[in-house]
Amino acid sequence: MAEPRPVLEMTGIVKEFPGVRALSGVDFRLFPGEIHALMGENGAGKSTLIKVLTGVYPLDGGTIALDGQPVRIDSPFQAQQAGISTVYQEVNLCPNLSVAENIFIGREPTRYGRIQWSRMRKEAAELVDRLGLDIDVTAPLSSYPLAVQQLVAIVRSVGTGDSDGAGAGTKVLVLDEPTSSLDRDEVLELFRLMRQLRDEGVAILFVSHFLDQIYEICDRMTVLRNGTLVGEHLVSELDQVGLIHLMIGKEMDQLEGLHEQQLHADVGEPLVKADGLGRQGGISPFDLEIKKGEVVGLAGLLGSGRTELARLLFGADQPDSGKVSIDGKQVSMSAPNDAIAAGVAFCSENRKTEGLVPDLTVRENIILALQASRGWTRPIPVAQRDELVAKYIKALDIRPANPEARVGQLSGGNQQKVLLARWLITQPKLLILDEPTRGIDVGAKAEIQKLVVSLSEEGMSVLYIAAELEEVLRLSHTIGVLRDRKLVAQLANGPEITPTRILETIASGEHQ
Amino acid sequence: MTTTPRLRALTQHHLFWPVAVLVVLLLINVPFTPDFFSIKMTDGHLYGSLVSIVLFGSPLILVAVGMTLVIATGGIDLSVGAVVAITGALTCSYISDQSDQGALAGVFLAMGIGLVAAVVCGLWNGFLVARMGIQPIIATLIIMVAGRGVAQLITDGQIITINSEPYKLIGGGYWLTLPFSIFVVAAVVAVTVALTRKTALGLLVESVGGNAEASRLVGIRSRRIKIMCYVFCALCAGIAGLMISSNTSAADGNNAGLWIELDAILAVVIGGTSLLGGRFSIGGTVVGALVIQTLTTTIYTIGVPTQTNLVFKAAVVIVVCLLQSPKFRAKVFGNKFGPGKRTKGGDTTSTAPADAAPTTTAAPKMEVS
């Protein structure tokens, strides 16, 4: 694998934020024709390194060289000109425009100042075709699922410089968590495209929290911890246990103990009862009972109605049939306020758009739910507020432990913890967690799962949604299986329940 | 020149640039009017350019303070100028119908009627925006256009003049040697600060403006909050309307408060509140309004030819907006006054005024009457 000269060499990279040294002297190199994983916990500096590379953040120290030549990258545009393209977790395209327009936006082929629409469509179709994708470039981007939109984003980034010779071709492709919302087939399609680009000589930097995916697709990996370089390894020479050890710097706690604990735990009286609750186009009417201290996991493919079910239980969407009672009292569920007043809390899977207020501080975000339930006329007394916030920052190990930090600056795992703190502070009876571990690192994942178990021991009921079946199986007392927007089965967890069994249930779509 | 940490901290303060611009504008006047900063005592009243700036700027400060809250929710209120006219028209026409225009009870009742009308306008705006989901710029455009018509209906298309000593006090009278309107402004600003920072209202407003969907899911009654902000904004405009009509002892449905909404929006932006909503600063808005009033005064004192007034004002506003932009400062001054240790990610609070600048620089061209 060892090519003589790396296409990209970053040396002694330093990046500081107020009070935080995000990167201290990190070296990183990337060879042409390889897929390189950047590994590390949340806050290890992965995103910062990528943002320095792609010109989002200015450099505080160190050098970047492309093809042996030192370069200055001051803006994402310059990075693109230099041949570094990036595709982020959230697709940054215009859904209302056609696929071809999205691919060529900002660099449309023109003649006499007019856009050559037919040439644009033809070139887009050729590009899509060459990359082996079956996409109609004239259809609006929004007519395709998220996964295809992501592929279009990649096509767009590697297509940079194809028309009118503006800029160099893509030498380095950065993929930041592209798989976090894709299902298995979609991931395979993405990997096929990645391999094709690799074979064409593109150097791909891949960030993912799914270790299995790293081992499936990557050739080499660089591990960061606390803003420093831990090491660079060939994937074939470092096993998963060794990798996790490098990432968190200590042996990982055995999560399996949690499973045993959950299987033997007792649950109490019924807390939440949903009768025929449903919503047209969201989820078919379902019955669900959640007992006190019980963890109910929801399993199902993406789009099977997991989130829709949760949103109905929280009043985030209005049900058009059925009723919900909590603690024996019927709740109207016409707005989140009703659910919150009845003791329900909901951590959305979309932390950024439906969870946090990025401009506000950690403290303000944490107290928001409690303050909202008290109304604007009764502010939480300052002393009590600071004490509560300090307590939860400590209990959940939110970093940086600075209540004045803007939440937008925190890493994904810490943002998730802020969101958890916000709801825990309200002492809910039912905590709904929609993909709480998505896009966060192994260490924080384990912490959150342990937290769920201890909350359930204290008598809090939890509705737990996760794409990873192992996670659902590990934590749940009962597992609701969803398929095609229907709750098709509710299985009591036990030794005989395995991921395979769940998958069979999803596939057959029947109660057994 | 080396930048010490203290100086850096000072230049990073959110009020630094608005205050700096204000000071520079004030100093520009000195060569033209050597006694610009002097304040004289005549007949037990304080006179001087500084006093006049605050006095004539009072209505703008009031309107801008209300506008700040609306903008913080992510909205905008174009109707404030019309509300100024309606309030003035109703109050003056009621007073002019009295046999004894100086009677306190009548004046209070008249003011009450005017302010209730303002509140009704605010409720209407809030209803359209928060309940009907109409875009704020469109929803408030309705009263902006129709309100002037209503004001003219009230005054029968005439300019109503009144002769009421008690009413004259609000916008033209003196108390404890200072113009009475300064006390009104101080009271409104103090109440606003207390209302937003001593209760949780400020936090909830910033949350609604910062992320509306997240705020809904956290249980904030954002519609109620928005309606409150529009009502408060209209109430502030109503008080400004009383002040303006009191100052001239007349209600002019056509011209009272004309284009004041644009000056107010500009004052809010100069004060550092983003037009995108979220974080807001009442102190910044007050400074922003003073900057605009000082600019208007300066145009007269340094003798800018009347026909170039608007161009001059626009030029200054562009400079002010550029100075507010961290990107511009970093480009021109290097790191000295630049963003410095910029915090991570899209620092929306500081970059947003810069992004908003183009929209608002367009405004002042139309605004001076």
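The sequence lines fix the lettering, A, B, ..., with proteins before strands; numbering per chain opens at 1.
Both the backbone and the side chain of A:L360 come within less than 4.5 Å of a heavy atom of chain B. The part of A:R311 that comes within reach of chain B is its side chain, from C-beta onward, which places non-hydrogen atoms under 4.5 angstrom from that chain. At a 4.5 Å heavy-atom cutoff, the contact between A:T353 and chain B is made by backbone atoms alone. A:L356 touches chain B through its backbone: at least one of N, CA, C or O sits under 4.5 Å from a heavy atom, while the side chain does not.
Taking chain A as the reference chain and counting heavy-atom pairs below 4.5 Å, the highest number among B:L217, B:L195, B:L204, B:T199 is found for B:L217.
Going from atom CG of A:L396 over to atom CG of A:L424 covers 6.0 Å, rounded to the nearest 0.5 Å. Atom CG in A:D317 sits 11.0 Å away from atom CD1 in A:I283 (nearest 0.5 Å).
No side-chain donor-acceptor contact under 3.5 Å links A:T426 to the backbone of A:R422.
Under 4.0 Å is where a charged nitrogen must lie from a carboxylate oxygen, and between A:E354 and B:R216 no such pair does.
In this structure, the ring of A:Y57 has its center less than 6.0 angstrom from the ring center of A:F17.
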